[in-house]
Asker: 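Handing you this structure, nothing more for now.
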Number of protein chains: 2
Amino acid sequence: MSEAIKDLLKKNHMSVTDSRLQILDMFYHAPGALAHADIEKKASDKIDRVTIYRTLQTFEEKGIIHTIPTADNSVKYALCKDQCAEGHHHDNHVHFVCDKCSKTICLDDVHVPEVKLPKGFQPHQSNMVVNGFCSDCRS
Amino acid sequence: MSEAIKDLLKKNHMSVTDSRLQILDMFYHAPGALAHADIEKKASDKIDRVTIYRTLQTFEEKGIIHTIPTADNSVKYALCKDQCAEGHHHDNHVHFVCDKCSKTICLDDVHVPEVKLPKGFQPHQSNMVVNGFCSDCRS
DNA sequence: ACATATTTGCAATTGTGTTGCAAATTTTAT
DNA sequence: ATAAAATTTGCAACACAATTGCAAATATGT
């Protein structure tokens with residue numbers, strides 16, 4: 001099962017270690033985005049807090065995961081659907097945060113619409129986060 | 001000069017204090033959004049860290065300022081253009097963050113477009129942040 | 001299998017935000 | 001204008017999140 005994950009690490013020129021395999025595996029099986037705390041809790045063999053921070057940072061730099069700009073300023077991460085270029089993300093999809101179960105989901109197929117900015121502004125990247133009830137939680 | 005600011009405080013049933021006048025004044029004269037740290041630095045008569053936190057929180061509850069969901073998960077505040085209802089914000093404008101000077105600006109006239117969500121998702125609120133170069137910084 | 005390079009875990013440190021409480025300030029009623 | 005009541009402030013202490021330096025452990029390339 002973890003062969004594919006190992007390959008992903010190798011393809012990105014990273015050493016294959018237990019922590020990395022375990023964390024990447026979590027992302028592949030998670031229902032939505034993961035926060036540092038989620039990973040810390042779920043890790044079966046305890047992984048050091050610091051290692052988790054460093055792993056997330058490395059994954060992000062390599063373009064394997066991306067951070068999600070939530071409205072409540074908490075930090076969550078999710079897999080980049082298509083590999084992003086190293087040091088350069090290009091995922092322009094909308095993110096959804098459920099107000100009830102607080103699951104955070106990448107809507108890979110919904111991409112952020114363009115907006116017309118006032119004169120002089122030069123846009124590089126747009127982020128959009130929608131809050132509401134997810135399909136599991138709406139009554 | 002601060003008469004208008006005093007009135008705003010009174011209108012919202014808040015005691016008129018030096019810290020509040022000073023902080024509100026900063027917002028009225030700031031070029032963009034302010035972070036807690038900005039206020040702490042700029043305050044001429046030093047205002048206690050805790051007082052700043054509490055003042056920002058109160059202003060937000062009263063609908064005088066709103067938080068801005070930046071992509072880097074830092075917390076910034078800006079004036080609500082029209083008074084928001086107490087405990088209920090209704091500003092649906094796009095925010096712009098400059099990648100060079102990192103000024104954060106409310107684009108009051110650009111409002112967040114609707115997006116079509118997948119089946120089952122029930123949206124309540126949308127936030128959009130655009131990064132790029134502001135009118136002062138584009139070359 | 002060994003030497004080299006990378007990663008990990010620990011301890012210590014920094015940063016951010018919160019809470020309780022007494023002193024100071026503001027408001028309200030007189 | 002003054003005194004009592006209510007609110008706000010500043011300080012100390014705390015809780016939690018995140019970063020750094022460094023030695024020990026693990027992974028890689030030959």
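Below, read A as the first sequence line, B as the second, and so on, with proteins coming before strands; counting in each chain starts at 1.
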Asker: If you check the B/Thr51 side chain, which of C/dG9, C/dG17, D/dT9 turns out closest?
Answerer: D/dT9

Asker: Consider the side chain of B/Asp48, meaning its heavy atoms from C-beta on, and name the nucleotide among D/dC11, C/dG9, D/dA18 that approaches it most closely.
Answerer: D/dC11

Asker: Return the value, rounded to whole Å, for the distance between atom CG of B/Asn73 and atom C1' of C/dT16.
Answerer: 14 Å

Asker: Quick one: is A/Thr17 getting a side-chain N or O under 4.0 Å of the C/dT7 phosphate, OP1 or OP2?
Answerer: no

Asker: In whole angstroms, how far is the P atom of C/dG9 from the NZ atom of A/Lys46?
Answerer: 12 Å

Asker: Does a side-chain N or O of A/Ser19 approach OP1 or OP2 of C/dT7 to a distance below 4.0 Å, or not?
Answerer: no

Asker: Which pair of heavy atoms, one from B/Ser102 and one from B/Lys76, lies closest together, and at what distance?
Answerer: O-NZ, 3.2 Å

Asker: Among the candidates D/dT8, D/dT19, C/dG9, find the nucleotide nearest to the side-chain atoms of B/Arg20.
Answerer: D/dT8

Asker: Taking the six-membered ring for Trp, are the ring centroids of B/His36 and B/Tyr77 within less than 6.0 Å of each other?
Answerer: no

Asker: D/dA17 P sits how many Å from A/Asp72 CG, rounded?
Answerer: 13 Å

Asker: From C/dT7, C/dG17, D/dA18, pick the nucleotide closest to the side chain of A/His36?
Answerer: D/dA18

Asker: CZ of B/Arg49 versus C1' of D/dT9: gap in Å, rounded?
Answerer: 15 Å

Asker: Which atoms form the tightest heavy-atom contact between B/Lys100 and B/Cys137, and what is the distance?
Answerer: NZ-O, 3.1 Å

Asker: For the pair made of CG in B/Asp18 and P in C/dT25, what is the distance, rounded to whole Å?
Answerer: 9 Å

Asker: Just how far, in rounded Å, is P of C/dT26 from NZ of B/Lys6?
Answerer: 10 Å

Asker: For the pair B/Asn12 (side chain) and B/Met14 (backbone), establish whether a donor and an acceptor sit closer than 3.5 Å, ignoring hydrogens and angles.
Answerer: no

Asker: Where the side chain of A/Val50 is concerned, which of D/dA18, D/dT20, C/dT8 is the nearest nucleotide?
Answerer: D/dT20

Asker: At under 4.0 Å between heavy atoms, what does A/Arg54 touch on the DNA or RNA strands: base, sugar-phosphate, or nothing?
Answerer: base

Asker: What is the separation between atom CD1 on B/Ile52 and atom P on C/dT18, rounded to the nearest whole Å?
Answerer: 13 Å

